[in-house]
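Heavy atoms only: backbone and side chains are in, while hydrogens, waters and symmetry mates are out. Remember, predicted model here, so these are calculated numbers, not experimental data.
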Amino acid sequence: MPEIRRAANDFAREHPDLTRSQLKKIVGELWSTDVFELRSAGVALLSRYADLLEERDLPWLLGFVRRSKTWAHVDWLAADVIGGVVGESRTALKRLPAWAGDDNFWVRRTALLAQLRLLSREAGDFALFARLAAAMLDEREFFIRKAIGWVLREVSKKRPKLVFEFLREHREDVSGLTLSEGAKYLPPAQRRVLRLPAEAAWVQRENRAKQRAATG
């Protein structure tokens with residue numbers, strides 16, 4: 001991946017005046033193959049030339065999600081490329097509920113991750129995410145459960161109250177995976193209310209490692 005990103009950056013420096021149509025043609029060619037590295041290069045170029053992308057490109061971008069066979073491409077597309085286009089545009093955000101009801105679970109995952117960057121920066125529409133996530137709590141698909149937990153975990157770093165209230169409201173419906181991920185950074189008092197150990201497993205592991213180091 002570092003080499004792929006470096007190649008995309010080198011290309012961008014050599015082609016500062018690339019047009020939107022040229023970008024779409026190049027990325028389309030890269031994705032016409034089944035080669036993971038070439039498809040990754042296409043996503044890297046989309047990220048590098050993000051300013052050229054427009055809201056009308058969202059159906060085209062979602063097409064790459066549908067053709068993806070791995071979270072490595074879906075998450076990069078969803079959180080960085082598509083999320084950057086969606087931003088806080090009310091018209092773009094209105095697309096997310098339709099994606100959340102799609103038959104393709106990668107598209108549903110994209111609906112959840114499209115606001116990841118904004119929500120982690122105390123922006124975005126958390127109420128919309130919460131509605132979409134709540135409707136997917138009964139899904140057994142690992143990548144959906146993980147996505148819900150991932151977003152909640154990132155939001156909790158700066159807005160733990162929002163995450164705590166969501167998990168408390170849906171405590172009986174949320175999967176163990178989503179709960180453990182979402183509550184990972186919640187303070188002990190809130191974790192106890194959720195019937196979780198006061199300290200998350202990662203904290204316990206760090207404490208044990210510190211104790212071992214201290215006793216040397």
Side-chain angles (χ1 to χ4, degrees), residues 31 39 43 46-47 50 53-184 186 194:
W31 271 75
R39 289 187 168 197
V43 183
L46 290 172
S47 297
L53 298 173
E54 303 173 2
E55 190 172 322
R56 58 179 168 155
D57 293 318
L58 286 173
W60 175 69
L61 294 170
L62 200 64
F64 296 132
V65 171
R66 293 187 185 281
R67 293 159 60 188
S68 294
K69 301 173 184 178
T70 169
W71 60 267
H73 287 151
V74 171
D75 292 1
W76 196 357
L77 284 163
D80 295 333
V81 179
I82 291 175
V85 177
V86 171
E88 295 188 278
S89 166
R90 301 314 304 176
T91 55
L93 288 170
K94 288 180 180 179
R95 298 173 184 262
L96 300 191
W99 297 356
D102 198 273
D103 290 339
N104 187 313
F105 74 83
W106 291 122
V107 175
R108 298 199 299 277
R109 182 173 169 94
T110 297
L112 295 167
L113 298 181
Q115 291 198 85
L116 176 65
R117 305 303 182 210
L118 280 176
L119 290 172
S120 67
R121 297 197 296 268
E122 300 184 83
D125 188 339
F126 183 81
L128 172 59
F129 166 79
R131 290 198 301 274
L132 301 183
M136 297 190 209
L137 290 180
D138 61 347
E139 290 211 25
R140 301 190 64 80
E141 173 55 55
F142 169 86
F143 287 103
I144 296 300
R145 293 180 170 188
K146 184 74 171 182
I148 297 172
W150 180 11
V151 175
L152 291 174
R153 183 189 72 204
E154 294 307 304
V155 173
S156 74
K157 292 177 181 178
K158 295 183 178 179
R159 294 184 287 179
K161 188 172 185 292
L162 282 179
V163 173
F164 169 67
E165 290 177 347
F166 177 88
L167 290 175
R168 181 172 60 176
E169 178 182 355
H170 300 287
R171 179 62 179 82
E172 303 308 319
D173 302 312
V174 71
S175 71
L177 173 61
T178 299
L179 180 63
S180 62
E181 280 292 305
K184 187 173 184 178
L186 290 182
L194 296 172

Glu165: partners by salt bridge (charged side-chain N to carboxylate O under 4.0 Å, His left out), with sequence neighbours left out: Lys161

For His170, ring pair (Phe, Tyr, Trp, His ring centres under 6.0 Å) partners two or more places apart: Phe166

Trp76: partners by ring pair (Phe, Tyr, Trp, His ring centres under 6.0 Å), with sequence neighbours left out: none

Might you point out which heavy atoms bring [X] and [Y] nearest each other, and give the distance in Å?
X: Ala79; Y: Leu116; value: CB-CD2, 4.1 Å
X: Ala133; Y: Ile148; value: O-CD1, 3.7 Å
X: Ala111; Y: Leu132; value: O-CD1, 4.1 Å
X: Glu88; Y: Ala123; value: OE2-CB, 4.1 Å
X: Ala114; Y: Leu96; value: CB-CD2, 4.0 Å
X: Leu112; Y: Ala147; value: CD1-CB, 3.9 Å

Within [range] or reaching into it, pairs that qualify as ring pair (Phe, Tyr, Trp, His ring centres under 6.0 Å) - sequence neighbours excluded:
range: residues 79-98; answer: none
range: residues 98-125; answer: Trp106-Phe143
range: residues 114-133; answer: Phe126-Phe129

Just so I know, are the side chains of [X] and [Y] near enough to count as touching, which here means a heavy-atom distance under 4.5 Å?
X: Val85; Y: Asp57; answer: no
X: His73; Y: Phe64; answer: no
X: Ile82; Y: Val65; answer: yes
X: Leu53; Y: Trp60; answer: yes
X: Gln115; Y: Leu93; answer: yes
X: Val74; Y: Val107; answer: no

Could you tell me whether the side chain of [X] and the main chain of [Y] form a donor-acceptor pair under 3.5 Å?
X: Ser68; Y: Thr70; answer: no
X: Asp80; Y: Leu77; answer: no
X: Arg159; Y: Arg121; answer: no
X: Asp125; Y: Leu128; answer: yes

side-chain contact (heavy atoms from CB on, under 4.5 Å) evaluation trace for Glu141 with Met136: CA-CA 10 Å; Glu141 173 55 55; Met136 297 190 209; over 6 Å; no

Spacing of CH2 belonging to Trp150 relative to OG1 belonging to Thr178, to within rounding of 0.5 Å: 13.5 Å

Ile144 side, atom CD1; Leu177 side, atom CG - distance, nearest 0.5 Å: 11.5 Å

Is there any salt bridge (charged side-chain N to carboxylate O under 4.0 Å, His left out) pair reaching into [range], and which pairs are they, with sequence neighbours excluded?
range: residues 95-113; answer: Arg66-Asp102, Asp75-Arg109, Arg108-Glu139
range: residues 143-157; answer: Lys146-Glu181, Arg153-Glu181, Glu154-Lys157
range: residues 171-180; answer: Glu172-Arg195

Quick one: list whatever passes side-chain hydrogen bond (donor to acceptor under 3.5 Å, both in side chains) with [X], sequence neighbours left out.
X: Ser89; answer: Glu55, Thr91
X: Arg140; answer: none
X: Ser120; answer: none

Test log, rule side-chain contact (heavy atoms from CB on, under 4.5 Å), inputs Leu186 and Leu167: CA-CA 11 Å; Leu186 290 182; Leu167 290 175; 4.2 Å; yes

From CA spacing to verdict: side-chain contact (heavy atoms from CB on, under 4.5 Å), Phe164, Leu152: CA-CA 9 Å; Phe164 169 67; Leu152 291 174; over 6 Å; no

